[in-house]
K.L.:
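Please find one structure pasted underneath; my questions will follow.
Computed from heavy atoms alone, side chains included, the values below leave out hydrogens, waters and symmetry copies.
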Amino acid sequence: MSDFTFQLLNDFQRDFPLVPAPFHAIGDQLGLRAEEVIRSLRTLMKQGLISRIGAVLRPNRVGVSTLAALSVPPQALEEVAAVISALPQVNHNYEREHHFNLWFVVTAADSAGLDQVFADIVRKTGLAPLRLPLEREYHIDLGFDLRARVATSHGESLPEAAPPAPLDAGDYALIGAIQDGLPLLPRPFAHIAHHIGMAESEVLSRLQRLKAAGVIKRFGVVVRHHELGFQANAMAVWDVPDGVVDHVGTGVGGSGLVNLCYRRPRRLPDWRYNLFCMIHGRDRDAVAQRLAELNQRWGLTAYPQAVLFSRRRFKQTGARYVHRDSAARMA
């Protein structure tokens, strides 16, 4: 991998230039022409190393989403996974090492839409999903330092979320237009603006506002971690007493040791855990070592725990909260 290719993948996962000619601005930093930057990014997409260039939205700021799990008989796992992956509202679908062995994320425009997806899942599979919506986010950082053995984190814990500011029809139209990523064109924001009936300057100002408001968590190159060598990941979960879970979650989220840290509901008697973290590494041993460090530093061995390593990735795409037709109607 050339130096400038590495920089494209590593250095522009966040703080992508929100300017009329962003690839020209990137080229200026790397000593390349804009055409070379665009050509390189197209190649990286064809190679499957990048999923898109665009916005990563904070959960439940646009539409609604939830983590869910199924306990699937092993002989039926591939068939059921195919049913789940075929749903357009599902953006992640993984097999994990647990009795609940199929884990996926469902997104929808609203709660009624979410309920309909789960009704369809029950009807098509005959299985009842475990629904685990986000209750509080302590840390989100899915950028990856490609030089590390374990994905490092910015170590920023999140305060209790304020009520999200309402989005208007223009915001929804813009989010619908960018959720599959920017077009790799010299003036991508002008292209988007033309298709949703806005000025280029308005598109850029709205993106800046959505980013400042926390609706957009980060804007930049979205890499595919498995293809770039982070081939092991684990979801670690703990049963932390309600009176201390926010204290523990805030500390763990700000530790720099995890990529994601959330509080989710228990679903007794089937699921007892309420604190969730994700750790990504180049191999299983690296993830296990990071988890041991996390347990030791924060005294997490005092709480019941489970570690669910990923076995297979059935689907991984960007979340789709806004359908293009509905976005067009709102604009």
K.L.:
Yes or no on side-chain hydrogen bond (donor to acceptor under 3.5 Å, both in side chains) for N91 and T317, after CA distance, side-chain angles and deciding distance?
P.N.:
CA-CA 5 Å; N91 61 298; T317 64; 5.4 Å; no

K.L.:
Taking the six-membered ring of F276 as reference, does the NZ or CZ atom of R264 fall below 6.0 Å from its centre and within a 45° cone about the axis?
P.N.:
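Verdict for F276: a cation-pi partner in R264.
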
K.L.:
Determine whether L300 and V248 make a side-chain contact, defined as any pair of heavy atoms from C-beta on separated by less than 4.5 Å.
P.N.:
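Yes; the side chains approach each other to less than 4.5 Å.
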
K.L.:
Could I get the full list of salt bridge (charged side-chain N to carboxylate O under 4.0 Å, His left out) partners for R206, not counting sequence neighbours?
P.N.:
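In terms of salt bridge (charged side-chain N to carboxylate O under 4.0 Å, His left out), with neighbours along the sequence ignored, R206 is linked to D168, D171, E202.
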
K.L.:
For L87, is there any backbone N or O sitting under 3.5 Å from a side-chain donor or acceptor partner on K315?
P.N.:
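Flag set: sc K315 to bb L87 pair under 3.5 Å.
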
K.L.:
Which class fits the ring pair F219 and F16: parallel under 30°, tilted 30 to 60°, perpendicular over 60°?
P.N.:
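Because their plane-to-plane angle lies in the 30° to 60° range, the rings of F219 and F16 count as tilted.
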
K.L.:
State, to 0.1 Å, how close Y273 and D239 come at their nearest heavy-atom pair, and which atoms those are.
P.N.:
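Result for this residue pair: CD2-N, 3.6 Å.
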
K.L.:
What verdict does the side-chain hydrogen bond (donor to acceptor under 3.5 Å, both in side chains) test give for S40 and T43, after you've listed the backbone C-alpha separation in whole Å, the side-chain angles of each residue and the deciding distance to 0.1 Å?
P.N.:
CA-CA 5 Å; S40 296; T43 299; over 6 Å; no

K.L.:
Name the one of M278, E137, M235 that satisfies side-chain contact (heavy atoms from CB on, under 4.5 Å) with L260?
P.N.:
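The passing option is M278.
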
K.L.:
List for me each residue that meets ring-ring contact (aromatic ring centres under 6.0 Å, His included) alongside W298, sequence neighbours excluded, and say none if there are none.
P.N.:
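Checked W298 against ring-ring contact (aromatic ring centres under 6.0 Å, His included); zero matches.
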
K.L.:
With no hydrogens and no angle check, is any side-chain donor or acceptor of R96 less than 3.5 Å from a backbone partner on F309?
P.N.:
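Looks like no, no N/O pair under 3.5 Å.
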
K.L.:
Measure the shortest side-chain to side-chain distance between L57 and Q179 over non-hydrogen atoms and say whether it is less than 4.5 angstrom.
P.N.:
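Result no, sub-4.5 Å side-chain heavy-atom pair not found.
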
K.L.:
Taking Q13's backbone N and O only, do any of them form a donor-acceptor pair with R218's side chain (distance below 3.5 Å, no angle check)?
P.N.:
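The answer is yes, because a donor-acceptor pair under 3.5 Å joins these two groups.
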
K.L.:
Take atom CD in E78; do more than 12 heavy atoms of anything else shown fall under 6.0 Å from it?
P.N.:
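Atom CD in E78 is not packed in, count stays at 12 or less.
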
K.L.:
Tell me whether V64 is reachable from Y172 by hopping between hydrophobic residues (I, L, V, M, F, W, Y) whose side-chain heavy atoms are closer than 4.5 Å.
P.N.:
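Different clusters.
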
K.L.:
Check whether any side-chain heavy atom of L77 sits under 4.5 Å from a side-chain heavy atom of E95, and report yes or no.
P.N.:
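Sidechains of E95 and L77: in contact.
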
K.L.:
Are there over 12 heavy-atom neighbours, none belonging to H98, within less than 6.0 Å of that residue's NE2?
P.N.:
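Enclosed: over 12 neighbouring heavy atoms sit under 6.0 Å from NE2 of H98.
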
K.L.:
Is there a side-chain contact (heavy atoms from CB on, under 4.5 Å) between R267 and L132 once you walk through the steps?
P.N.:
CA-CA 8 Å; R267 296 301 190 202; L132 298 164; 3.7 Å; yes

K.L.:
May I ask you to test the N274-Y303 pair for a side-chain heavy-atom distance under 4.5 Å?
P.N.:
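They are not in contact (no side-chain heavy atoms under 4.5 Å apart), so the answer is no.
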
K.L.:
Is it true that S85 and N93 share a donor-acceptor pair across their side chains at a distance under 3.5 Å?
P.N.:
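There is such a pair between these side chains.
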
K.L.:
Taking the side chain as every heavy atom from C-beta outward, state whether I38 and L185 have any pair of such atoms under 4.5 Å apart.
P.N.:
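SC-SC contact between I38 and L185 ruled out.
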
K.L.:
Between N233 and Y94, is any side-chain donor less than 3.5 angstrom from a side-chain acceptor?
P.N.:
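No, because no side-chain N or O of N233 sits under 3.5 Å from a partner of the opposite role on Y94.
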
K.L.:
Please work out which of the three classes, parallel, tilted or perpendicular, describes the rings of W103 and F100, given edges at 30° and 60°.
P.N.:
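Perpendicular, since the angle between the ring planes exceeds 60°.
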
K.L.:
Transitively linked via ILVMFWY side-chain contacts under 4.5 Å: V83 with F118?
P.N.:
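Different clusters.
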
K.L.:
Can any side-chain N or O of R263 pair as donor or acceptor with the backbone N or O of V245 at less than 3.5 Å?
P.N.:
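Between the backbone of V245 and the side chain of R263 there is no qualifying donor-acceptor contact (under 3.5 Å).
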
K.L.:
Any side-chain to backbone donor/acceptor pair from N60 onto S65? Under 3.5 Å, distance only.
P.N.:
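A pair under 3.5 Å: yes.
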
K.L.:
Do W271 and P265 make a side-chain contact, defined as non-hydrogen atoms from C-beta onward lying under 4.5 Å apart?
P.N.:
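No, too far: nothing below the 4.5 Å cut-off.
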
K.L.:
If we only count heavy atoms from C-beta on, is the L204 to S201 side-chain gap below 4.5 Å?
P.N.:
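No; the side chains remain at least 4.5 Å from each other.
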
